Structure formats: C-alpha cells, structure tokens
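In what follows, a structure is listed as structure tokens, so that the remarks can point back to it.
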Number of protein chains: 2
Amino acid sequence: MNSSADGLLTPSDLTENGTQQIRDAIRDAIVERRLAPGTKLSESDVGGLFNVSRTLARAALQALSYEGLVSVEKNRGAFVAYPSPEEARQIFAARRLVEPGILKSAAERITPAEIKQLRQLLVEEGRLMNERGQSARRAEIKASGDFHLMLASFSGNLIMQRFMEELVARSSLVIALYGQSSASSCGHSEHGDIITALERKDVDKACDLMLHHIAHIEADLDLRERKSFGLREAFER
Amino acid sequence: MNSSADGLLTPSDLTENGTQQIRDAIRDAIVERRLAPGTKLSESDVGGLFNVSRTLARAALQALSYEGLVSVEKNRGAFVAYPSPEEARQIFAARRLVEPGILKSAAERITPAEIKQLRQLLVEEGRLMNERGQSARRAEIKASGDFHLMLASFSGNLIMQRFMEELVARSSLVIALYGQSSASSCGHSEHGDIITALERKDVDKACDLMLHHIAHIEADLDLRERKSFGLREAFER
DNA sequence: GTGCACATTATTGTATGCAATCCAGCGTAC
DNA sequence: GTACGCTGGATTGCATACAATAATGTGCAC
C-alpha cells in the first residue's frame with residue numbers, strides 16, 4: 001500500500017508531463033504580459049504551437065483555469081482571464097490578508113543567506129529598472145513579483161507559497177488591465193525597506209511596510225467598471 | 001472581443017460539465033472519509049462508476065490533484081492524497097494564518113440574518129452529534145467544516161473562500177489520517193463561542209477563539225512520522 | 001529452492017475521430 | 001432598410017484507439 005508520505009520533497013509535482021511545460025509557458029506569457037487579457041486561446045492553436053495534440057493543450061488550459069489565469073467558457077473556449085474590478089479588489093484584499101502572515105512566518109526562520117538572496121533579487125530588479133526595452137520591462141515585472149514569491153518560499157509553508165504564486169500571477173493580470181502609471185516599478189524602494197526591517201527583526205514594521213506597499217500598488221489602479229466597451233459605448237460619443 | 005467582466009456572478013464556474021459532477025462526488029467522498037487516504041483511483045474505475053469515458057475521469061482526477069486531495073504519479077495513476085505530517089502541519093499553519101483575517105473581514109460585513117444562518121448550522125451540527133450511525137458521523141464532519149466555509153463566504157472574498165474550501169477539505173484528510181479522539185466534534189462549543197463574539201462585534205476575541213479552536217483540532221492529531229509501514233516494519237517484531 | 005531474465009497483462013499517456021454547439025455570413029420577408 | 005431565419009464553417013465536448021510504461025507472473029539457470 002505504501003504511499004507518498006515522502007515528506008514534502010515535491011517542489012510541486014514531478015509529473016514532468018508535456019502539459020506542465022505548456023502550462024508554464026503560457027503562464028509566463030500571461031504574467032509577463034505578452035498575452036493580453038481576453039485573448040482567445042483555442043485548443044488547436046495552443047496545441048499546434050507546442051506540437052502536441054489538442055488533448056494536452058486542453059489539459060494545460062484547464063490547469064490554468066484552476067489558477068484563475070484563464071477562463072474557460074463552455075462550448076466557447078478558453079481566454080486569458082479578464083478580471084473584473086471587483087475581482088481585482090478581492091485579489092488585493094487577499095494579499096493584504098495573507099502577506100503579513102507570510103512575512104511573520106518568514107521572519108521567524110529566515111537566515112542571513114536568505115536575506116542576501118532577497119537583496120540580490122533587489123539589485124537585479126534595480127538594474128532592469130534602468131534598462132530600456134520591452135524585454136527588460138518584462139523581466140522587471142517578473143522580478144518584482146519574485147520578491148514576494150521568494151518571501152513566501154522563506155516562510156517554509158508550501159501551501160502558502162503556492163497560494164502566493166497564484167495571487168502574484170493574477171495581480172499581474174490586474175495591473176495589465178487597470179494599471180495607470182507606466183512605472184510599474186513604483187514599489188522598488190519599498191521592497192528594500194521591507195528587507196531592512198526584516199533584517200532588524202522588526203516584524204511589525206515589516207508587516208506595516210508590506211501593507212503600505214500593497215496599498216501603493218493598488219492605488220495605482222483605476223478600478224472603474226469599464227463595461228467591456230466593445231459595442232455601443234465605444235462608438236456613441 | 002467583449003469578455004467575462006460580469007462582476008463575480010459566477011459561483012465558481014458555470015461549466016456544468018460532467019467533469020464537475022464527478023469531481024464534486026469524489027471530493028465529497030474524500031471529505032466525508034468514505035475514501036481512505038492512499039486509495040487508488042484508476043481512471044477506468046472512476047469512469048466506469050460514473051458512466052463516462054476515461055477522458056472525463058482523468059480530467060476530474062486532475063482537477064482534484066490541483067486541490068491537493070488527490071495525488072497523481074506519473075505512469076502510476078491517481079491516489080487519494082496521503083498528506084505527510086509535515087504537510088499536515090503546513091495545512092493547519094495556513095489556516096491559523098488565514099482564518100483570523102477572514103473572520104475580521106466577515107465581522108465587518110456580517111448581517112444579523114447571516115449570524116442566524118451560522119447559528120442554524122450550529123444546531124444542525126449539534127443534532128448530528130447526538131445521533132448514532134455512520135451517516136450521521138459523516139454529516140457531522142461536513143457540518144463542522146461548513147461552519148468555517150460559511151464564515152469564509154461571509155467575508156465577501158471569493159478567492160479566500162475558495163482557498164478555505166481547499167484547506168478545509170485537506171484538513172479532513174489530515175484528521176482522517178492522524179486524528180486520535182473519536183470525538184472529532186471536539187470543537188462544537190467553540191464554534192458557538194466564536195459566533196457569540198462575532199455577534200458582539202468583539203473581533204479580537206473572535207479571532208482569539210478561532211486560533212484556539214484551530215489549535216485544539218491540531219492538538220488532537222498524532223503527527224508522528226509513521227513511515228508508511230506497509231513492508232518490513234509491519235512484520236518484523 | 002533461489003534469483004534473475006523475459007513475456008504477459010494492466011494501466012496510463014497521447015492522438016485522433018465523430019457528434020454537438022456556437023458563430024458568421026447570407027438571403028429572404030416585411 | 002431592417003429584422004429574422006437559415007446554412008456553412010469552425011471549435012469545443014467527449015469517446016475511442018493506439019503507444020508507452022509499469023506491474024505481475026512464468027520459466028530457466030544455477
């Protein structure tokens with residue numbers, strides 16, 4: 001009978017299926033904003049793009065829908081998710097609810113080496129910030145999210161880590177849709193402040209900074225109901 | 001182009017696929033502990049049981065694996081998840097991290113009618129507690145989890161609600177594996193206390209009670225590494 | 001009798017095919 | 001000219017078929 005009681009040695013799943021690769025590739029494309037919200041992802045197209053059958057493409061899209069990055073509508077197909085303003089609010093509410101706790105957890109177990117890793121990520125982020133070009137911008141977006149993900153991984157809780165992965169990815173979609181300031185990097189210095197507080201074991205301060213940081217990101221959004229103005233509203237002036 | 005910006009009117013997904021039904025049926029069976037951890041779930045068997053093809057069965061199992069209720073091993077098949085002690089700890093750590101925040105959210109928006117709903121759930125739970133029989137026991141397990149889920153639904157955050165659904169379901173697996181006291185209902189009165197505190201708008205007290213409640217559930221577990229003693233250890237005395 | 005190599009069987013992984021559904025374009029009635 | 005209904009094409013939903021892998025059983029050598 002045995003079983004897989006091998007004690008959390010599975011990073012996520014060592015399935016190594018073709019599905020995983022497709023899923024990851026599409027997720028990266030969404031998170032880095034190469035795929036715009038609302039884009040149709042037909043099974044044939046996805047399958048053709050990765051040289052696999054519709055079966056695997058379908059499985060990958062299904063998987064992404066469980067993460068909230070893709071919405072599949074019955075008999076209509078899969079689309080890059082188009083979070084509503086309300087959904088956006090809930091995503092950030094979830095982050096405000098969860099990230100302080102993660103931070104607290106991480107603070108209790110973090111090592112100097114790990115703090116160094118965070119700092120390293122930060123300088124990387126800063127370097128990209130001063131670079132020009134689309135690809136630098138994309139890398140910057142990713143690095144900015146990775147800060148939060150690395151923190152989550154230092155919390156030692158795989159479940160929270162995975163949840164954060166979902167939230168960060170969905171945040172990227174929200175920012176793509178509702179973000180205003182071109183400088184999506186508005187929170188760069190704040191990341192540094194959080195590390196500093198963490199280093200000083202000042203957990204309360206760190207949590208406080210984190211909450212403000214999330215609030216700042218959210219404040220940059222314009223969450224007014226734009227009712228899918230593809231029809232009348234778009235042409236009646 | 002349009003899109004599904006219809007403002008969170010989707011309870012989860014109105015796909016209404018056959019997959020959903022299978023997934024829900026199996027999940028219920030797992031949560032109500034009719035399916036023991038480690039049980040093999042072969043695609044043919046599942047498909048045959050619901051009179052659908054392997055394709056749908058496979059999709060359902062895949063979906064359950066994203067919720068952590070089923071673990072699929074490459075080329076070996078799907079099994080009811082068998083959470084390790086470490087995983088169990090992380091599940092409860094996640095609940096301690098998340099539930100106070102949910103409670104706070106819920107407290108801010110809860111209506112008297114909703115409090116009544118909670119109370120009603122509680123009397124139901126109490127009634128089942130005093131009944132005999134397997135089916136009553138199962139219903140009690142479900143009701144006990146439903147308390148936390150209803151609270152989550154009152155938080156108004158669909159994302160947190162879904163996360164809690166996952167955590168509660170996985171908790172049920174953990175309790176099935178590591179629970180000691182037959183009285184899994186140990187927390188019944190605590191649920192009532194939480195409602196009372198909530199009613200009095202004493203959020204801090206409610207959160208405190210919630211943390212103790214979770215701690216009590218966890219304290220009933222015997223989280224020692226039982227290394228899947230299916231082989232040597234089982235027969236060498 | 002024990003251990004190993006091989007054949008057999010069962011189960012999963014993936015591709016393909018058919019039926020059902022939706023969408024768009026066209027034509028017709030009013 | 002507008003609205004309605006119809007038909008053709010494309011896409012998804014699901015089942016089935018085949019290939020690949022793992023589990024099991026058998027027979028032979030020692």
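Computed from a prediction, not measured in an experiment: that's the story for all the values here. Protein chains get the first letters and strands the later ones, always in sequence-line order, with residue 1 at the start of each.
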Among B:R27, B:R34, B:R33, side-chain contact (heavy atoms from CB on, under 4.5 Å) partner for B:V31: B:R27

Take atom CG of A:N51 and atom P of C:dT16, then tell me their distance rounded to the nearest Å. 11 Å

Which heavy atom of A:R76 sits nearest to which heavy atom of A:K40, and what is that distance? O-NZ, 3.0 Å

Over how many whole Å does the gap from A:Q20 atom CD to C:dG13 atom P extend? 12 Å

Any side-chain N or O of B:K40 less than 4.0 Å from the OP1 or OP2 oxygen of C:dT12? yes

Nearest heavy atom decides the nucleotide; on that basis, is B:R76 or A:S42 closer to the 5' end of DNA chain D? A:S42

In Å, rounded to the nearest 0.5 Å, how long is the span from CG of B:L69 to CG of B:L61? 11.5 Å

Applying ring-ring contact (aromatic ring centres under 6.0 Å, His included), which residue pairs with at least one partner in residues 139-169 of chain A are found, sequence neighbours left out? A:F147-A:H191, A:H148-A:H191, A:H148-A:H213, A:F163-B:F163

Hey, which sits more toward the 5' end of DNA chain C by its nearest nucleotide, B:T55 or B:S44? B:S44

Nearest nucleotide by nearest heavy atom, which residue falls closer to the 5' end of DNA chain C, B:G77 or A:S53? B:G77

Without decimals, in angstroms, what is the distance between A:Q62 CD and D:dG13 C1'? 11 Å

Would you say A:R58 reaches D:dG13's phosphate, i.e. side-chain N/O to OP1/OP2 under 4.0 Å? yes

Provide, to the nearest angstrom, the distance between the CD atom belonging to B:Q21 and the C1' atom belonging to D:dG13. 14 Å

Nearest-Å distance for atom pair CZ/C1', residues B:F50 and D:dA15: 18 Å

Closest to the A:R54 side chain: D:dC14, C:dA15, D:dT21? D:dC14

Rounded interatomic separation in angstrom, taking CG from A:N75 and C1' from C:dC22: 7 Å

